[in-house]
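First the structure, in the form of structure tokens, and then the observations on it.
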Amino acid sequence: MDRNLALELVRVTETASLASARYMGRGDKNAADQAAVDGMRKAFSHVSVRGTVVIGEGELDEAPMLYIGEEVGTCQPGDREVDIAVDPLDGTSLIAKGLPNAIAVVAMAPRGTLLHAPDTYMKKIAVGPKAKGLVHIDAPIEQNLRAVAKALDKDIYDLTVIIQDRPRHFEMIQEIRRVGCRIKLFGEGDVAAAIATCFDHTGVDIFMGIGGAPEGVIAAAALKCLEGEMQGKLNPFSDEEIERCHTLGWNNEDINKVLTLDDLVKSDDVFFAATGVTDGDLLKGVTYLENNRASTHSIVMRSKTSTIRFVDAVHKLDKNETMIEMMKKHK
């Protein structure tokens, strides 16, 4: 794929971030999410691809969200056909409460290479490059933790596990504490949490837990660019979730299958972009400046070249046609 698509995707996540950041702390997560969706959709209309949303915010024809099956991009003759995975606002409750780590994210890969994950839960484990190949999602928790500690040359008591603060993780948290590791709990935003395992400055060594399957695919795209590792296994909690799996063609054997990074993202030419909405461990949030300006902090990656770019940008909001439209729509 054209390497210039990297910066095009950054513009997409920047627009979603700028549109939703105005809602920080205002207690309306739905309005913030809708603003991010509107901004992302508008920005995508300028990207020279014929994209199909395979991971989105709703099922087929559930506008105004970026629904599964929606076509995005300029969709002109000759445009490259790609799969698109989006989470216009990963952490809707975070922004509503003014909490850290809300981000806007997009992943892109050649058509047919991103897993069409059902909207259900998935058990996940993720590590950075140094621990790649040393963990397994079905292995005992202590075995995985000790393997990562050894790979990172850390005492087991210095290892940091990031896990979502949910009742379903009570037993897992108790086991991690028994082993003696440090734990970093988070409320929302497991895409950012998984990515954090690949950056030393975050202090996060391993990501574990059960979260959304669609978010798992998006995180896998980032981990592929970062040369880390992620494994998943669908974990439906109800008959309704099992039926969603069956509707998308997953039989019971598929549901129990261990999904490797190459199952989640089949291509070796993947783009991933994210822009901070609120300040976080990996990215700074949107800051509104004087004279109708705003700053953003983004990351964009490509797996084919293993290039990782952090992009600091200052936007003149009254000279950006897309943002002018978004500001009128979301006051």
request  = Scan residues 83-101 for pairs that pass side chain to side chain donor-acceptor pair (under 3.5 Å), counting only residues two or more places apart or in two chains.
outcome  = S93-E188
remark   = When every non-hydrogen atom of V161 is compared with those of C181, the smallest separation belongs to CG2-CB, 4.1 Å
query = Does a side chain donor of either D38 or Q34 reach within less than 3.5 Å of an acceptor in the other side chain?
reply = yes
ask   = Can I163 be reached from M230 by stepping across I, L, V, M, F, W or Y side chains whose heavy atoms are under 4.5 Å apart?
value = no
ask   = Under 3.5 Å, is there a donor-acceptor pair between the side chain of E70 and the main chain of Y67?
value = yes
query = Any sub-3.5 Å donor-acceptor pair from S17's side-chain atoms to T13's backbone N or O?
reply = no
remark   = Heavy atoms of S45 and T74 approach each other most closely as O-CG2, 3.4 Å
key: Pairing residues for H246 by the side-chain hydrogen bond (donor to acceptor under 3.5 Å, both in side chains) criterion, not counting sequence neighbours   = N252
query = Tracing side-chain links under 4.5 Å among I, L, V, M, F, W and Y, which residues wind up in one group with V10?
reply = V300, V311
inquiry  = If hydrophobic clusters are built from ILVMFWY residues whose side chains come within less than 4.5 Å, do I173 and I210 share one?
reply    = no
remark   = So the ring-ring contact (aromatic ring centres under 6.0 Å, His included) pairs with at least one residue in residues 211-238 (sequence neighbours excluded) are Y121-F237
inquiry  = Under a 3.5 Å cutoff, is there a donor and acceptor pairing between the side chains of T296 and H315?
reply    = yes
message = With clusters defined by side-chain heavy atoms of hydrophobic residues (ILVMFWY) lying less than 4.5 Å apart, directly or transitively, does V86 cluster with F271?
response = yes
Residues 151-158, side-chain donor-acceptor partners within the protein, below 3.5 Å, at least two apart:
from: K154; atom 1: NZ; to: D205; atom 2: OD1; distance (Å): 2.9
from: K154; atom 1: NZ; to: D205; atom 2: OD2; distance (Å): 3.1
from: D155; atom 1: OD1; to: Y157; atom 2: N; distance (Å): 2.8

message = Which Ile, Leu, Val, Met, Phe, Trp or Tyr residues join M24 in one cluster when any pair of side-chain heavy atoms under 4.5 Å counts as a link?
response = L89, I95, V277
ask   = Considering residues at least two apart in sequence or located in another chain, which fulfil the side-chain hydrogen bond (donor to acceptor under 3.5 Å, both in side chains) criterion with T52?
value = R111
ask   = What residues form a side-chain hydrogen bond (donor to acceptor under 3.5 Å, both in side chains) with E253, not counting sequence neighbours?
value = none
request  = Establish, yes or no, whether the cationic atom of R41 lies under 6.0 Å from the six-membered ring centre of F44 and within 45° of the ring axis.
outcome  = no
request  = Mind listing the closest non-hydrogen atom pair of Q164 and G187 along with its distance?
outcome  = NE2-O, 2.9 Å
Quick one: side chains of residues 213-225, donor-acceptor pairs under 3.5 Å with protein atoms, not counting sequence neighbours, listed by atom name and distance.
from: K224; atom 1: NZ; to: D262; atom 2: OD1; distance (Å): 2.7
from: K224; atom 1: NZ; to: V265; atom 2: O; distance (Å): 2.5
from: K224; atom 1: NZ; to: S267; atom 2: O; distance (Å): 3.2

query = Applying ring-ring contact (aromatic ring centres under 6.0 Å, His included), which residue pairs with at least one partner in residues 288-309 are found, sequence neighbours left out?
reply = H297-F310
task = Take atom NZ of K29 as the centre, draw a 6.0 Å sphere, and report whether it contains more than 12 heavy atoms from other residues, nucleotides or ligands.
result = no
ask   = Is L5 reachable from I84 through a run of I, L, V, M, F, W or Y residues, each pair having side-chain heavy atoms under 4.5 Å apart?
value = yes
ask   = Who else is in the cluster with I162 when I, L, V, M, F, W and Y are joined by side-chain contacts under 4.5 Å?
value = F186, V204, F207
ask   = Just checking, is any N or O donor in the side chain of S298 or T275 under 3.5 Å from an acceptor N or O on the other one?
value = yes
ask   = With T15, which residues qualify under side-chain hydrogen bond (donor to acceptor under 3.5 Å, both in side chains), at least two apart?
value = none
inquiry  = Does this structure show an ion pair linking R178 with E175, if we count only N-O contacts that are shorter than 4.0 Å?
reply    = yes
